[in-house]
Structure formats: C-alpha cells, structure tokens
Amino acid sequence: MSTATPALDLPGGLPDHSAPPPGSAPPESPGAPGEPQPRTVIRPTRGWAGLKLGEVWAFRDLLYTLGARNVKLVYKQTLLGVAWVLLQPLIGAGLFAFVFGVLAEMPSGELPYFVFSFAGMLGWTLFSATLTASSMVMVSNAHLVSKIYFPRLILPLSAASQPLVNFLVSLILMAALAVMYSIVPSWRLLLLPVWSALLLMLAVGIGFWLSSIMVTYRDLRYIVPVGVQFLLYASPVGYSVAAVSEKVPASVERFYMLNPLAGLLEGFRWSLLNEGTLTPGWTVYSVVVAPVVLVVGACLFRRAEKRFADVI
C-alpha cells in the first residue's frame, strides 16, 4: 500500500505544486548534450540580400493583382476609355511634327516627320508614364502600407503594368503606320524589346527613389510632372541625336548625352524605323546606366522602407 508524499508548505501556508509528482521522470533539460537545438541567426541585410527578392517572388500573385487593378481602373468612367491610349501619342506626335518638322525644319531622314516623332513618343510615353505612376504609388496606396505587411517593392513594380499595356496597344497603331508609309522592318526590330526593357528599368529605378522620398515630402507630387515635362524637351523625342550634333558645340553635345534617355530613345527609334546612327560609346553608357539606376533605386527604397508605415 503506497503512501502519498505530503506537499511542502511554503511561507504563507500555500502548498508547493511545482515539484514533480512521485514516480515521474525528471524533465529533460533543453540544453541536453548531443541534441541539436534550434537557432535563429540574424545577419545585416546588405547588398542583394537587402533587396529580399525572394519575398517579391513569394508575393507575385499580389503583384499580378495590383497590376491588373491598375489597368482596369485607369480609364474607368472615362468618356473615351481605351481610345486615350492611342490619342496621347498621336496628339504628341502631331505637335512635334508641326513644331520641329515644319517650323524648326529638323531632319527626319527619309521618313515622314509624323512617323518619326510618333516612334519617339512611343518610347517616351512608356518611360514617362511608368516614372510618374511609380513615383506616386506609395502615397496613393497609403491605406495598404499602413495596415498590412507585404514587400513594398511590389507597389512601384505594379505601377509599370498600365503603361506597358498602353505601349503594346500603341505598337499596333505603329505597325499600321509602317504599312501605310511602306516602312520595311529589319533585324533591328529584334532589339526593340531590349530598348523597351531598358526604358522600363530606368523609369522604375528613378520611381523607387522618388516614391521613397515622397512618403515624407509630398511636394514632390507637384514637382515630378513638371520635371518630366522639362525632360521631354531635353530628350530626342521630337528630334534626333544627329540634329543635336549638327546644331550645338561638342561640349554641349557631351553634356546633353549624359542624359541616358538620349541613347535609349535613339536606339528605340533605330530598331523600330531603321533610322538613325548609334554612337557606340554613348550607347553603352545608356545601356549600363539603366540597370544600375534600377538596382540603386531599389536599395534606397529598401533602406527607407522601415519608416513608411510611421510617416505615411
């Protein structure tokens, strides 16, 4: 017949229930020798690791959803709807054809000046629309940033969806103009996706940086559209790089070519219309600058990301 072990009385008259019951095995120590223990290693996130691209891939469904939402909402409840996709570059090309082709008599090679400027407007609209949308996307989606967690890089990336869809639709009109004016494509057309991707890289990279600043300084939402408008006339959209070389000194031309859009837009039109001459040095410069701006912009965005929810 077993007898129960009486509980020990603690000061104050309370029994000690922490002691194991009689006959039970003692608890194993969490640090028992020979058994692997779980560990959490915290390292500084620098370089590529700081971008956390794996998170972006894990949330790719959200990226697709936000991109589709942007495409659906941009022309919702508008009178002309998707027709704006074609009207914007057409009106811009018509104005450039009149100002630069008729009044300034800028050269356009063997092409009609309207087609020449329309091709420039295609590349420019892809860049400018992406830059404007990505730079303002954090402020316009403040309700998402302050309530739920997801990789914030997704927001500027999703802003490129609507300009890209507009660009693809406008290419159909460009193809119709090429048939109308008997423009025969060549192997250069195969490089058109490369120039388009570089323009997107440059726009999204600048958009990363501007959107991270705009969270704190909302004045940028008024400055960015004005700056984009000035950049339009400082880039070879309605005129060619060859026209700049003919009309300005060499020192001014070198300063002008520091704008990476000069080489990218000239290459875009060179592939699309078989018109223009690429300068190897400045072309390589523009091709290298675009991905560098993308990576640097993403790193700056990630560095500022930790304060977004507090100040937005």
Side-chain angles (χ1 to χ4, degrees), residues 89 92-132 174 183 186 188-189 191-192 194-207 209-210 223-297:
L95 291 174
F96 279 133
F98 177 74
V99 174
F100 294 108
V102 177
L103 299 182
E105 297 183 351
M106 289 284 191
S108 62
E110 300 179 357
L111 297 172
Y113 210 96
F114 178 79
V115 179
F116 178 86
S117 57
F118 184 81
M121 282 299 300
L122 283 185
W124 166 257
T125 304
L126 176 64
F127 168 82
S128 61
T130 303
L131 172 59
T132 303
M174 184 69 241
I183 300 174
S186 70
R188 298 178 181 181
L189 191 62
L191 295 177
L192 187 65
V194 177
W195 300 114
S196 304
L198 291 172
L199 287 169
L200 283 174
M201 288 181 187
L202 185 62
V204 174
I206 300 174
W209 177 60
L210 291 178
I223 298 175
V224 169
V226 177
V228 169
Q229 194 66 28
F230 288 153
L231 189 60
L232 169 64
Y233 296 100
S235 304
V237 180
Y239 54 88
S240 63
V241 172
V244 176
S245 303
E246 294 176 1
K247 295 180 179 296
V248 301
S251 57
V252 177
E253 180 187 0
R254 286 193 293 269
F255 179 76
Y256 175 87
M257 293 301 295
L258 289 176
N259 174 11
L261 281 174
L264 296 182
L265 290 175
E266 189 70 9
F268 182 89
R269 191 155 40 206
W270 174 81
S271 294
L272 193 58
L273 299 178
N274 298 326
E275 186 67 34
T277 303
L278 300 183
T279 304
W282 290 115
T283 302
V284 172
Y285 163 79
S286 299
V287 168
V288 171
V289 165
V292 169
V293 169
L294 177 66
V295 174
V296 172

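Each residue takes its place number in the sequence, starting with 1.
Ala93 approaches Met121 most closely through the heavy-atom pair N-CG, 3.9 Å. Taking each heavy atom of Val287 and Pro291 in turn, the nearest pair found is O-CD, 2.9 Å. Considering every non-hydrogen atom in both Met201 and Ala290, the closest pair reads CB-O, 4.0 Å. The minimum heavy-atom distance linking Ser286 with Pro260 is given by the pair OG-O, 3.1 Å. Annotation for Leu265 and Gly123: closest pair CD2-C, 3.7 Å, computed over non-hydrogen atoms. Between Leu294 and Val204, the shortest heavy-atom distance links the atoms CD1-CG1, 3.9 Å.
Trp270 and Trp195 have perpendicular rings, their planes meeting at more than 60° on a 0 to 90° scale where under 30° would count as parallel. By the 30° and 60° cut-offs, the orientation of the rings of Tyr113 relative to Phe116 is tilted.
Side-chain atoms of Ser240 never come within 3.5 Å of backbone atoms of Pro236 as a donor-acceptor pair (strictly under, hydrogens ignored). For Ser186 (side chain) and Arg188 (main-chain N/O), a donor-acceptor pair under 3.5 Å exists by modelled atom type. In this structure, Arg269 contributes its side chain and Ser117 its backbone to no donor-acceptor pair below 3.5 Å. In this structure, the side chain of Thr283 does not engage the main chain of Gly263 through any donor-acceptor pair within 3.5 Å. The closest donor-acceptor contact from the side chain of Tyr285 to the backbone of Asn259 lies at 3.5 Å or more, if one exists at all.
Not counting sequence neighbours, the partners of Phe98 by the side-chain contact (heavy atoms from CB on, under 4.5 Å) test are Val102, Leu103.
Interatomic distance, CG of Leu131 versus CH2 of Trp124, reported as 8.0 Å (0.5 Å rounding). Atoms OG1 and CG, on Thr130 and Leu202 in that order, are 10.5 Å from each other to the nearest 0.5 Å. Atom CG in Leu232 sits 8.5 Å away from atom OG1 in Thr125 (nearest 0.5 Å). Taking CG of Leu95 as the start and CZ of Phe114 as the end, the distance is 10.0 Å to the nearest 0.5 Å. Annotation: the span from Ser235 atom OG to Tyr256 atom OH amounts to 5.5 Å, rounded to 0.5 Å. Rounding to the nearest 0.5 angstrom, the gap separating the CE atom in Met174 from the CG atom in Leu273 is 5.0 Å.
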Apply side chain to side chain contact (heavy atoms under 4.5 Å, CB included) to the pair Trp282 and Val241, showing each step before the final yes or no. CA-CA 11 Å; Trp282 290 115; Val241 172; over 6 Å; no
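For the side chain to side chain contact (heavy atoms under 4.5 Å, CB included) criterion with Glu266, the lone passing option out of Val244, Leu278, Thr279 is Leu278. No option in Leu126, Leu199, Leu261, Leu191 other than Leu199 meets the side chain to side chain contact (heavy atoms under 4.5 Å, CB included) test with Phe268.
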